[in-house]
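A note on names: the letters A, B, ... follow the listed sequences, proteins ahead of strands, and every chain is numbered from 1. Predicted model only: the values in this text are computed from it and were never measured.
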Protein chains: 2
Amino acid sequence: MKRATIEDVAALAGVSRQTVSRAINDKGEISPATKEKVMAAVQQLGYQPNRQAQSMVTQRTQTVGLVIPDISNLFFPEVARGVQDTARKHNYNVLLCNTDDDPDEEIRMLHSLAAQGVDGIIIIGNAADQVTTQTFADSYGPIVMVNRFFDHPNVNIIIVDNEQGAFLAVEHLIQQGHVKIGMLANKNFSRSQVRRVRGYEKALTENGIPYDEALIVGASPTLEGGYNALNQLLGEHPEITAVFTYNDLMGIGAIRAAHDLNKRVPQDLAVVGFDNIGLSSIFIPSLSSIHVDKYEIGQRAMNRILNMLDTPNKSFAPIELPVTLIPRESST
Amino acid sequence: MKRATIEDVAALAGVSRQTVSRAINDKGEISPATKEKVMAAVQQLGYQPNRQAQSMVTQRTQTVGLVIPDISNLFFPEVARGVQDTARKHNYNVLLCNTDDDPDEEIRMLHSLAAQGVDGIIIIGNAADQVTTQTFADSYGPIVMVNRFFDHPNVNIIIVDNEQGAFLAVEHLIQQGHVKIGMLANKNFSRSQVRRVRGYEKALTENGIPYDEALIVGASPTLEGGYNALNQLLGEHPEITAVFTYNDLMGIGAIRAAHDLNKRVPQDLAVVGFDNIGLSSIFIPSLSSIHVDKYEIGQRAMNRILNMLDTPNKSFAPIELPVTLIPRESST
DNA sequence: ACCTCCATCGTGAGCGTTCACGCCAAGTTT
DNA sequence: AAACTTGGCGTGAACGCTCACGATGGAGGT
């Protein structure tokens, strides 16, 4: 069974293609009577316009690319849902790309998305070849970056208040009486990584605790990364009684590592994470964290893309999302 | 900067469009010399063929739809990665759709994918309006279903050995000395749900333990669902010493619930889950589970789609994936 | 010298839309 | 009554590509 074309509808309704088009996209210039007639024919044939053909002439594919490190990382599914749900509301499709934090892979993904002809791109995460990004921003449509910085008329940014979040987390640990506070950081360079370290440092120094880089150990921002990093940190600095981790996955990995070392959490080691993923409230002990509205990030990113598409030359203010501390069992 | 077209390349290389096309898709009928010349022009202009235009004539969009309940559910990201990585290797794109286990939403998604013109569809999970599926299978391209059954030449299926998995899980609990074994089931109807209950029943009866439906309580297959379900089950049947859960998320929810009831796992309550998601080995206590190769599911589903696309009239055997028991702290 | 043949390349059409026009009749103005 | 407007609709072209042909030319055979 072949798919109906606009021509078929036109024939059945006894009008021209253009009239059918007018009826469907109701851009006026059509009488109610003929419109009804056309719509009946559309219904009867189950006609749906061919997206590819539409794209050819409108130069819009109704598709955006979403580039993330890894959808298996618990942070990103929620963001992706935010993007997808919003996209779908506006008849947009989302092409998901995983970079695994590999800059080369990211570049490949960007090229692939360009070839596919997406209307806009949302990029989250670390990797970033500045040159490629520049090229894209110059010759391409709207780009929204999350937790990354890039100054370009085609590029908008969304950031969460990483420094403040880290500050709140560490200050909380200090208020609980901790002094020897380590940090499990992200070994990959990223803007959020830098800001979270800065917040960590700020909380310490503002409370008269010397900042010691040796207490920061980097690892991959995963369960395993956190597990290994805590072992390393406690091996080198057994005096530590609390850790702030780059994200919740590392925090949970750290709790597990402490458990395997026969250390009780929080009595022997307090842990505070970042991102407040769904798992953290369930884990035993539940993990204190900095709440970030991940779904909202996705929503706002997608909406921003749509706005930029609507008004190409308007410039938009960066979006900064607030964070809050959620104290739980792992630190109280 | 406008994107280069095939015409631009042709002009620069001093040949015709067709020759450029021949050079790019190397379908023979071209001399090495001109091919080289064309490729140089392609390189120089950074030419990439327009996908929409290609689709118009080839009737292939190089895109497949992946319909899942919810990407936030830890089971699906791995499957999605399997699909995406495989797709990307073959120059395919993946359109991800979340149904939230809502049959109406699933139907809407299928229509949306049809309108988009995907080359094939992969569907995972429960919901299923038989009529719509039938319509699609009839008029549409290849469909691969995971853990669902549908007999149709256009439809291929991939199933994991759910019954055997459940059997292994429950038998394991019995071997640990448990007799009062409950089950936290999926309240949504699904093929895997039915099979896992059957495996549960089989293990009990084969070991001379009476099967009692009252020991099965249904809930949504999530952390919260497992949490609530265990509370309910222990409220009604405090004699229970072990539970088999529909999936790992429910298992972890159950462990958390037991913890909040001051029950020790596994001493007071043993738990075995299903799916072996990455989290289960990290959780405290780590969760025994039935291992399912989720990434492989995605890979095979995508490959099967490609096979069906290549040889439209060939019929393929269903794929059945084995499962294995991974005993961990929660039951030993 | 002629014809044949194959390798190489170009030409027109068409995929299904939308956009910029142009046309026509009926109503409105002067 | 002639001229002007306007709502309603149709026509050709264009988007960028591939496919089925047709054209060309030089190598080879007779």
Query raised in the report: Base, sugar-phosphate alone, or nothing: which one does B/Gln18 contact when heavy atoms must sit under 4.0 Å apart?
Result: base
Report summary line: Looking only at D/dG16, D/dC19, D/dC15, the nucleotide nearest the A/Val57 side chain is D/dC15
Report task. Send over the distance from A/Gln54 CD to D/dC15 C1', rounded to a whole Å. Result -> 13 Å
**Report entry** Phosphate contact (C/dC9 OP1 or OP2) by B/Ser31 side-chain N/O below 4.0 Å
**Finding:** yes
**Report entry** Atom-to-atom span, CZ of A/Arg22 to P of C/dC19 - whole angstrom
**Finding:** 11 Å
Query raised in the report: Does A/Ser16 put a side-chain nitrogen or oxygen below 4.0 Å from OP1 or OP2 of D/dC9?
Result: no
Query raised in the report: Cut-off 3.5 Å, side chains only: do A/Asn50 and A/Arg3 have a donor facing an acceptor?
Result: no
Report task. Give the rounded distance in Å between these two atoms: CD of A/Glu7 and P of D/dG10. Result -> 12 Å
Query raised in the report: Over how many whole Å does the gap from A/Gln48 atom CD to C/dT17 atom C1' extend?
Result: 15 Å
Report summary line: Atom CD1 of A/Ile6 and atom P of D/dT11 are separated, to the nearest Å, by 14 Å
Report summary line: Regarding the side chain of A/Met56, the nearest nucleotide among C/dT17, D/dT18, D/dC15 is D/dC15
Report task. Output the single nucleotide from D/dC9, D/dC17, C/dG10 whose closest atom is nearest the side chain of A/Ile30. Result -> D/dC9
**Report entry** Any side-chain donor near an acceptor of the partner, A/Asn303 and A/His90, under 3.5 Å
**Finding:** no
Query raised in the report: Side chains of A/Arg88 and B/Ser112: donor-acceptor distance under 3.5 Å anywhere?
Result: yes
Requested in this report: Answer yes or no: side-chain N or O of A/Arg17 and base N or O of D/dG12 forming a donor-acceptor pair under 3.5 Å.
Outcome: yes
Report summary line: Closest to the 5' end of DNA chain C, once B/Gln59 and B/Val15 are matched to their nearest nucleotides, is B/Val15
**Report entry** Under 4.0 angstrom between A/Thr19 side-chain N/O and D/dG10 OP1 or OP2
**Finding:** yes
Report summary line: note: A/Tyr47, atom OH; C/dG16, atom P; distance rounded to Å ~ 10 Å
Report task. Rounded to the nearest angstrom, tell me the gap between atom CZ in B/Arg60 and atom P in D/dC19. Result -> 12 Å
Query raised in the report: In whole Å, what is the span from the CG atom of B/Asn25 to the C1' atom of D/dG16?
Result: 13 Å
**Report entry** Sugar-phosphate only, base, or nothing, as touched by A/Thr34 at under 4.0 Å among non-hydrogen atoms
**Finding:** sugar-phosphate
Report summary line: B/Thr58 has its side chain closest, among C/dG16, D/dC9, D/dT18, to D/dT18
Requested in this report: Ignoring hydrogens and angles, state whether a donor on the side chain of A/Asn25 or A/Ser21 is under 3.5 Å from an acceptor on the partner side chain.
Outcome: yes
Query raised in the report: How about A/Thr63 and A/Asn93: does a side-chain donor come under 3.5 Å of a side-chain acceptor?
Result: no
